[in-house]
Protein chains: 2
Amino acid sequence: MDKDKIDKKDHILDVAERIFAEMGFDGASTRMISGEAGVNMAMLNYYFGSKEGLFLAVIERKITSFQNILQNIGNAENISAWGKIESYIEIYGERVVNNNCFQKLLYQEMSMNRRTELSDKIRNILMNSVSELFKILQDGIDSGEFKKDTDVQMVVATMYGTKNFVVNTPLMSSTMLGYDIQDDKVLEEQFKPRIKTYLKNLFKAYLVNENDNSK
Amino acid sequence: MDKDKIDKKDHILDVAERIFAEMGFDGASTRMISGEAGVNMAMLNYYFGSKEGLFLAVIERKITSFQNILQNIGNAENISAWGKIESYIEIYGERVVNNNCFQKLLYQEMSMNRRTELSDKIRNILMNSVSELFKILQDGIDSGEFKKDTDVQMVVATMYGTKNFVVNTPLMSSTMLGYDIQDDKVLEEQFKPRIKTYLKNLFKAYLVNENDNSK
DNA sequence: AGACACTAATCAATCGTTTGATTAATTTTG
DNA sequence: CAAAATTAATCAAACGATTGATTAGTGTCT
């Protein structure tokens, strides 16, 4: 049946995603991936053409679901700029937990300046999300809701950077935070609400103009 | 003369540091490193034993200079907690620019969970700096200078994460920021003051209790 | 029969490392 | 001091292993 083939391809992609994230593109071998997936080595090339094709397939599979999620937030009418940022942090916090393997993969690929074709693709896609954030922030500034001297670009760098740091260096972060970030339960029950609360407090303090009578 | 030998080893380490940072540990080949350094391939094994030994030597060379820099700040007596944070950001901002190649290398190694012997070493050394920051922050909270609900650990994650994001994904960051992060002049004249100012503003807003008459 | 799914065997290329020989530098000896 | 002996530094070549990829062939369906 057709279903089996799709399931098999998806299974390969699942395994490849995990191994690529753990070992990096170069560190992961096709034998390791095919072996762990329980398929013949040649199947990787049969299905995906090449190792790079497999890598690209792993990324493209997820990337589609990444799109369009944030545009709804940005385009919402009756929500304040700060409300949009809060929504963004909520959604972002959820994705941190569920897709941290993939996040690591993305970040790893972006760290390398080579393979520009793929890197460009990834960067362009991520820039969509970034642009949405820019727009929200700039609107907030223009409406006077956010402070005038806000560094819009750096705010985004902090948003992504803080999350990436924790997700990509789990051993370091676990030592710092005092509990095991790699434990799914801890991640879900402890870290997820924590980073959401933290980012909201952090950016509220930095972004939002207090409703005082100054000036 | 003895000088030449030392210079040569140092030259190899310089090249290896750059290539490891650019290509990752697995992506960099010994042929590439020796070729670019202008030495025979066998010299790498002759000097450093193995590829991993070379990698370790690259890291250990820098790590020593990393130590003890921040302890002076933490132990200063007549400076406020916020003043210490400002000093930290200043020094940290300087290091970002000058050692970004090495920073990338460190972060890359920490992202992989394998090679635990080396990773543990790196993590422990970084934890020294982290602990200094913790202490400063906690002192500020205890003295009432910083807000009581400050998430000390996450502040550090933001500090490192924001910087790492920009340094490790230069192409992405350059697109975001609108200028070329990889250009040394831009990095020095534009980005360095910018990230310093931004981090100070960000953390001042989040950390410092306003001297108002509330409560 | 013929398109598709799959496998074992094999390919050339590249990997990190080792070798044996050669040169340069240093130390020991007369 | 100079010749001899020893050590250190450097090299081209080759090692076995592993890499990603391909081939030729075997079933398996419709």
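A note on names: the letters A, B, ... follow the listed sequences, proteins ahead of strands, and every chain is numbered from 1.
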Q. Between D:dT19 atom P and A:Phe55 atom CZ, what is the distance in whole Å?
A. 18 Å
Q: For B:Ile33 and C:dT14, give me the distance from atom CD1 to atom P, rounded to whole Å.
A: 17 Å
(Q) I need the CG-C1' distance between B:Leu54 and C:dT17, as an integer number of Å. (A) 14 Å
Q.
Using modelled atom types and a 3.5 Å cut-off, is there a donor and acceptor pairing between side-chain atoms of B:Ser174 and backbone atoms of B:Ile181?
A. yes
Q. What nucleotide, of C:dC6, D:dG20, C:dG16, holds the atom closest to the side chain of A:Lys8?
A. C:dC6
Q: Whole angstrom is fine here: how far is it from CG in A:Leu44 over to P in C:dC6?
A: 12 Å
**Q.** Length of the line joining B:Met32:CE and C:dA13:C1', which is rounded to integer Å
**A.** 14 Å
(Q) Below 30° counts as parallel, above 60° as perpendicular, anything between as tilted: where do the rings of A:Tyr107 and B:Phe165 land? (A) parallel
Q.
From CZ of A:Phe48 over to C1' of D:dG20, roughly how many Å is that when rounded to an integer?
A. 15 Å
Q: Would you indicate which nucleotide in D:dT22, C:dC6, D:dA8 comes nearest to any side-chain atom of A:Tyr47?
A: C:dC6
**Q.** Presence of B:Tyr46 side-chain N/O under 4.0 Å of D:dT10 phosphate oxygens OP1/OP2
**A.** no
(Q) Whether A:Asn40 contacts C:dA8 is assessed here as follows: a side-chain N or O lying under 4.0 Å from the phosphate OP1 or OP2. Is that the case? (A) yes
Q.
I need the CZ-C1' distance between A:Phe20 and D:dG20, as an integer number of Å.
A. 11 Å
Q: Let me know the distance between NE2 of A:His11 and P of C:dC6, rounded to the nearest Å.
A: 13 Å
**Q.** A:Met43 vs A:Arg31, nearer the 5' end of DNA chain C by closest nucleotide
**A.** A:Met43
Q) Is the ring centre of A:Tyr92 less than 6.0 Å from the ring centre of A:Tyr160? A) yes
Q | Upstream residue (5' side of DNA chain D) when A:Asn45 and B:Gly38 are each assigned their closest nucleotide | A | B:Gly38
Q. Taking only N and O in the side chain of A:Ser50, is any of them less than 4.0 Å away from OP1 or OP2 of D:dG20?
A. no
(Q) Students often get this wrong, so: under 4.0 angstrom with heavy atoms, is B:Thr30 touching a base, only sugar-phosphate, or nothing? (A) base
Q: Establish, yes or no, whether the cationic atom of A:Lys51 lies under 6.0 Å from the six-membered ring centre of A:Phe20 and within 45° of the ring axis.
A: no
**Q.** Selection from C:dT17, D:dA8, C:dC15 that lies nearest to any side-chain heavy atom of B:Met41
**A.** C:dT17
Q: Can you see which heavy atom on A:Tyr206 is nearest to which on A:Asp149, and at what distance?
A: OH-O, 4.1 Å
